[in-house]
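As the structure is a computational prediction, the values presented were derived from the model and not from experiment. One-based numbering, in listed order, for ligands and for the atoms of each.
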Amino acid sequence: MKKIIPVLLFALACCLLKPAFANEGMWLPQLLAALNEKEMKAMGMKISAKDIYDINKSSLKDAIVSLGGFCTAEVISGDGLLLTNHHCAFDAIQKHTTLQHNYIDRGFWAMNRKDELPNPGLTATFIVRIEEVTQQALQNITGDMEERERQSAVDKNLNAVRAATAKEEWQDVLIRPFFEGNRYFLFITETYTDIRLAGAPPSSIGKFGSDTDNWMWPRHTGDFAMFRIYADKNNRPAAYSADNIPYKPKRFLNISLDGLEKNDFTMVFGFPGRTQEYLYSAAIAQVLNRQNPAKIAIRNQALNITDKYMRQDPGIKIQYASKFASTANAWKKWIGESQGLQATNAVAKRQQYEAEFQKRVNAADSLGKYKTLLNELSAAYTSFDAPALYRDIFNETVRNVEMLSFTTRVIPLINASTKGEATYNNHRDDLKEYSTGFFKNFQPSVDKEVAVALLELYKEKMPVSFIPAVLQNGSNTTDLVQHIFSTSSLVSATAFNNVISKPMAEAVNILRTDPLVQLASEMGKLYADNNLPAINEWQVKINRLQQVYMKAQMEVFREKKFYPDANSTLRVTYGKVNGYTAKDAVLYDHYTYLDGVMEKYVPGDYEFDVPAKLIELHAKKDYGRYGINGKMPVCFIASNHTTGGNSGSPALDAYGNLVGLNFDRVWEGTMSDINYDASICRNIMVDVRYILFIVDKFAGAGHLLNEMKLVNPKKIKK
Ligand code: ARG
Ligand code: GLU
């Protein structure tokens, strides 16, 4: 018994002190040497922190780009070949797709460089160097400043830093707050704008499993595609030109053919978007008990109705495929997140952590200024609870009723008319272009039913002061929506074009009195009057309190290493290849194989069909040098701490070779954005050997492999 107590105490202390797990954290590459290198080496890393990030010579970071700000990609050849996810390239693939050239269904492979397809608007951004500028940013900032005053003083400081920063004329300066505005880092970046599509597998490989398998393990998706960066003759960023040449990188990633085994070290290098790891417990409880359930309920309705129509009509299926996937993606993540927060007792654990915080603060005079902090946080979140819920319900309703979200773009056009004809015409031309794409994928019958369902929910969930008069007093929502859809000029392309082709005064008159514009305007106005003042007031207060709380946590838990929340900047996360126990008696292995693709195969199914050629390769076990022991590896999982934006990030082995491509997380672990838990949080990667197998054996695009550098680190080692 005597022995057990210290062990228990230790175990308790370790878990109160978040982050206590070796695998948690998204670390800044320039701080690895100081904070992580020792641990990474102890976990099996064979290279140094300097091999990952170095400003004096080329390092791994020179091979990593932010793709368009929403995904990550990496250079894998001396000729600027980029690897990323199929779902990151999907927009590009879709834009090049026609009935004759159906790249979505059949895939696309440029058999020579001339065939690579340009993608206006798509960018690839390298990080040249990172510098801390906290001192300059917070110069003359005092604790008693009002939040707005503080922000404008910081902005002024940052402008001065920007102006004083030495850079080449083709480079940019980006400064971002970290640790809730307690530290600032500056990034010198280079953004390339001529990014061409080099190859993508058919969706039956790149999107295999689609929404059913999304966020799930075991997974069998070949979620990859390739681009190539083009540069001017000086290797600098340049707008698309036929004369541009393939970019010569400072560094590209070698590719390992050896794969990884259970417990092998692995790291992921990329641009995670957003996490909230340092929330006060009441904020987590709000996500769990209020916001997620409301958002999930709204999308449940929208998805059920849309799914019903998609199953009835193949045309509607095509129109709604991409919208459905994006609505379902967040919806499914929230469900997993809530389950995970519950399963790991996230709120109670955070409360324990806060109790420890308060105990230490009470015990030390020097920390006296934090004595009331948790109480203030508690009061602020209590006040924020209802406004935050109404914000989510309003936003989700407008987002998921397509006619309402379309109308939120028409209202600014009406407002623009007060600024004169030129301003109006600009808005009108933009909206005209937008509306073409919108109506192409719009089906009134679907949206009508969604509108009725979501407006009913809105009436049910929102206080009466938020409900437009037309929806009140026993009015029939179905009749109202029916009336709107039969009289509004915003529900069809022809009617809408007709109106905005008229002279400004006439068009604006018609739009102003349109029943849809009136409904959306009133909903918007009631929301703005009833909720925006509270949102603005409490959001500012909470931001400030969370900022102080962040600082306080770092002072109170001095023995801990803190990492900053994700903010779309370059990070390294590391862990080990490993399975997990999803729930009682459900144990997941760490690797999947092509045999599993065949197990899931449903001929003709839009999610689980398998291309004939792949079936044939599997039947013959024709895996070339990519298979292992007669099996073809497909996906694997590890305990790397990743989030949205890490899609397309390289998974690297102990030597810094590319072994996989990150594309998802396991469902049970999606709460890692708020509460990472090493027992069930896993990232999902496609094995690079599967990628090479598909390129070489399936697509016959083996020429692309000639420009890559393939290595066998395990064989060399032996
Ligand atoms: N869940 C992954 C992510 O968050 C993949 C999404 C794309 N795939 C899909 N079936 N919607 O982006
Ligand atoms: N699929 C996500 C992305 O597009 C990555 C999965 C995650 O959220 O971890 O970035």
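If you look at F608 and F208, their ring centroids are closer than 6.0 Å. Between H641 and Y563, the ring centre distance stays below 6.0 Å. No close placement of the F562 and F179 rings is indicated, their centers lying 6.0 Å or farther apart. Checked against the 6.0 Å centroid threshold, F439 and F406 count as a close aromatic pair. Not less than 6.0 angstrom separates the ring centroid of Y320 from the ring centroid of F324.
Neither the backbone nor the side chain of S326 has any atom closer than 4.0 Å to an atom of ligand 1 (non-hydrogen atoms only). Using a 4.0 Å cut-off between heavy atoms, F271 makes no contact with ligand 2 at all. Contacts of H87 with ligand 2, taken as heavy-atom pairs under 4.0 Å, involve the side chain alone. The residue N662 has no part lying near ligand 2, judged by heavy-atom distances below 4.0 Å. If you look at F70 next to ligand 2, there are no close heavy atoms at all, none under 4.0 Å.
Close approach of ligand 2 to N646 is summarised as follows: ligand atoms under 4.0 Å from at least one heavy atom of the residue are 10 (O). In the vicinity of F663, heavy-atom distances shorter than 4.0 Å reach the ligand 1 atoms 2 (C). Every atom of ligand 2 is numbered from 1 in the order shown, and the set under 4.0 Å from a heavy atom of G645 is 3 (C), 10 (O). Shown in contact with G644 at under 4.0 Å from a heavy atom are these atoms of ligand 2, numbered in order with element: 3 (C), 7 (C), 8 (O), 9 (O), 10 (O). Close contacts between ligand 2 and D664 involve ligand atoms 6 (C) [criterion: under 4.0 Å to a heavy atom]. Each of the following atoms of ligand 1 lies closer than 4.0 Å to a heavy atom of A325: 11 (N). Residue-ligand proximity, S210 to ligand 1, at heavy-atom distances under 4.0 Å covers atoms 10 (N).
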Yes or no on side chain to side chain contact (heavy atoms under 4.5 Å, CB included) for R228 and L82, after CA distance, side-chain angles and deciding distance? CA-CA 5 Å; R228 190 185 303 282; L82 271 186; over 6 Å; no
Evaluate side chain to side chain donor-acceptor pair (under 3.5 Å) for H86 paired with D223, printing each intermediate quantity in order. CA-CA 5 Å; H86 184 268; D223 195 345; 4.8 Å; no
Test side chain to side chain contact (heavy atoms under 4.5 Å, CB included) on E607 and D213; report intermediate values, then the result. CA-CA 9 Å; E607 295 187 299; D213 270 10; over 6 Å; no
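Looking only at heavy atoms of the protein, atom 3 (C) of ligand 1 is closest to N329 ND2, 3.6 Å. Given atom 3 (C) of ligand 2, the protein heavy atom at minimum distance is S647 OG, 2.2 Å. Remark: minimum distance from atom 12 (O) of ligand 1 to any protein heavy atom is reached at H87 NE2, 3.4 Å. When only non-hydrogen protein atoms are considered, atom 7 (C) of ligand 2 lies nearest to R665 NE, 3.3 Å. Protein heavy atom in closest approach to atom 5 (C) of ligand 1: N214 OD1, 3.4 Å.
For the pair D677 and K349, the salt-bridge criterion is met [side-chain N within less than 4.0 Å of a carboxylate O]. Residues K262 and D264 are not paired through a salt bridge, judged by the lack of any N-O separation under 4.0 Å between the basic side chain and the carboxylate.
Neither side chain, D664 nor W215, offers a donor N or O lying under 3.5 Å from an acceptor on the other.
Across all non-hydrogen atoms, the minimal contact from I684 to M216 is CD1-O, 3.5 Å.
Residue contacts with ligand 1 do not include F90, since none of its heavy atoms lies under 4.0 Å from the ligand. In this structure, G644 has no heavy atom closer than 4.0 Å to ligand 1.
Taking only nitrogen or oxygen atoms, main chain and side chain alike, S647 does not reach within less than 3.5 Å of ligand 1. Checked against a 3.5 angstrom limit, the closest N/O atoms of W215 and ligand 2 fall outside it. Residue C71 has no nitrogen or oxygen atom sitting less than 3.5 Å from a nitrogen or oxygen atom of ligand 2, judged on distance alone. Between D664 and ligand 1, a contact under 3.5 Å exists for at least one N or O pair.
The structure places CH2 of W217 at 8.5 Å from OH of Y580, a figure rounded to the nearest 0.5 Å.
Geometrically, K333 does not engage W667 in a cation-pi contact, judged by NZ or CZ lying under 6.0 Å from the ring centre and within 45° of the ring axis.
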